[in-house]
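Read the numbers this way: they start at 1 and go in the same order the structure lists the ligands and their atoms.
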Amino acid sequence: MNKKSVKDVDVKGKRVFVRCDFNVPMQDGVITSDKRITGALPTIEYLLGQGAKVILCSHMGKPHNIFTPGYGLTKKEKKKVAALPEAEQAAATEAFMAKAAGDQKKLTLKPVADRLNEYLGGKVTFATDIIGEDAKAKVAALKEGEAVLLENVRFDAREEKNGEDFAKALASYADIFVNDAFGTAHRAHASTEGITHFIPAVCGLLIDKEITFMGGALENPQHPFVAILGGAKVSDKIGVITNLIDKVDTIIIGGGMAYTFIAAQGGHIGHSLCEEDKFELALSLLAKAKEKGVKFLLPLDNKCAREYDNDSESCYCSAGEIPEGFMGLDIGPETIKCFTEAIKGAKTVIWNGPMGVSEFSNYAAGTRAVAQAVADSGALSIVGGGDSTAAIEALGFADKISHISTGGGASLEFLEGKVLPGIAALQDK
Ligand code: AMP
């Protein structure tokens, strides 16, 4: 996959529309982590430095579509109101509209504009709408080396519906489209895909990095290639396992999903997480790995708890021998040794998903040990998923990882070998 980046096109004096992922966590109107903002800065700073006029766009959360023409209630809300006795309908309508107004306050991108200005020395103005009068005037007034951030693009329902007229209106602001929002690249929305039908489209530096690292690992990996997958459910990672089994030398499975593989082979797992409807699939994946000579490592032992609670009674036991009344919440010490050994000699490592309930301090050891092993491996390492990334960062290992992916769902779909519409639509080199 070889897509043109912002550095492959002439942007001097051009109007450039940049789709970012500014979907930052907020509490009471205050940004609690601005990692996504700082992640977007290299592309924005590059463009401003080149003398481009920059139009920034992002979504935040899942708002009511307040800016949609004729906005009233959504279809779902209308149905809910209609199902109520007539006397209650007016109050229910009012409550939904009040929620929409609340969304506008809570999910506005204004705090993001303020934070951008702290980093960019006041070069960013904020438009209080998307394709309305304020945005149009502020885009028209842009000078070279200045930027405007549009209001939350999901305030308009046509964004997620990939409405053609909406995409065209966004495109009319600019000469070039730059997609730098990897986290939404798996969605064909107006500001990620629709817009590419109207103006030339290239990727930003963040997406360029995702493609270089993840694409490189999938297309041309250095061996031994080790994939480590964890997290709650097998069903979420089936596509990834199926795609990677043809490429890797070793697959390591931890977390809740491991118990389905163990139970499918007749092991006792107490009341650990289990997807019985995936037994057949689990067995076929094990058979496929054997046939291809891929090492498929499952936990050898577990740390178990009586209740799903950090402080509940706990015990260690061998895999497949979890007593009734207990559930596995982390991998055990033997497994940590085995997994660490397997990661040691790797030249390429992909890790997605925790080895246990890493949110519970008593069940975080397995995830921490894997984070340590990946950091120590010296391999080209790619880490994705909130819990794995959190473990890497908590241990201060971020600079030992070659690439920390910025997309949850998008990163999994990429590893599944799927075409991401927001990337497929960009120009090839
Ligand atoms: P995912 O989003 O699929 O990567 O899954 C992450 C979630 O899996 C985290 O919230 C973990 O608490 C959960 N998880 C990992 N291992 C287990 C386990 N053994 N039992 C229950 N939940 C688990």
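For Phe213, the ring pair (Phe, Tyr, Trp, His ring centres under 6.0 Å) criterion is met by His403, not counting sequence neighbours. Judged as a side-chain contact (heavy atoms from CB on, under 4.5 Å), and not counting sequence neighbours, the contacts of Lys347 are Gln222, Pro224.
Between Lys337 and Glu334 a salt bridge is recorded (basic side-chain N to carboxylate O distance below 4.0 Å). The residues Lys123 and Glu45 are annotated as not salt-bridged, no charged nitrogen and carboxylate oxygen being separated by less than 4.0 angstrom. At a threshold of 4.0 Å, the pair Glu159-Arg19 counts as salt-bridged, since one of the basic side-chain nitrogens sits closer than that to a carboxylate oxygen.
Listed by first then second residue, pairs satisfying ring pair (Phe, Tyr, Trp, His ring centres under 6.0 Å) with a partner in residues 324-383 read Tyr308-Phe360, not counting sequence neighbours.
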Give every pair made of an N or O atom of ligand 1 and a protein N or O atom lying under 3.5 Å apart, one pair per line with both atom names and the distance to 0.1 Å, or write 'none'.
residue	atom	partner	partner atom	Å
ligand 1	3 (O)	Ala232	N	3.4
ligand 1	4 (O)	Lys237	NZ	3.4
ligand 1	5 (O)	Ala232	N	3.1
ligand 1	8 (O)	Ala232	N	3.2
ligand 1	10 (O)	Glu359	OE2	2.6
ligand 1	12 (O)	Glu359	OE1	2.7
ligand 1	12 (O)	Glu359	OE2	3.0
ligand 1	16 (N)	Gly256	N	3.0
ligand 1	19 (N)	Gly328	O	2.9

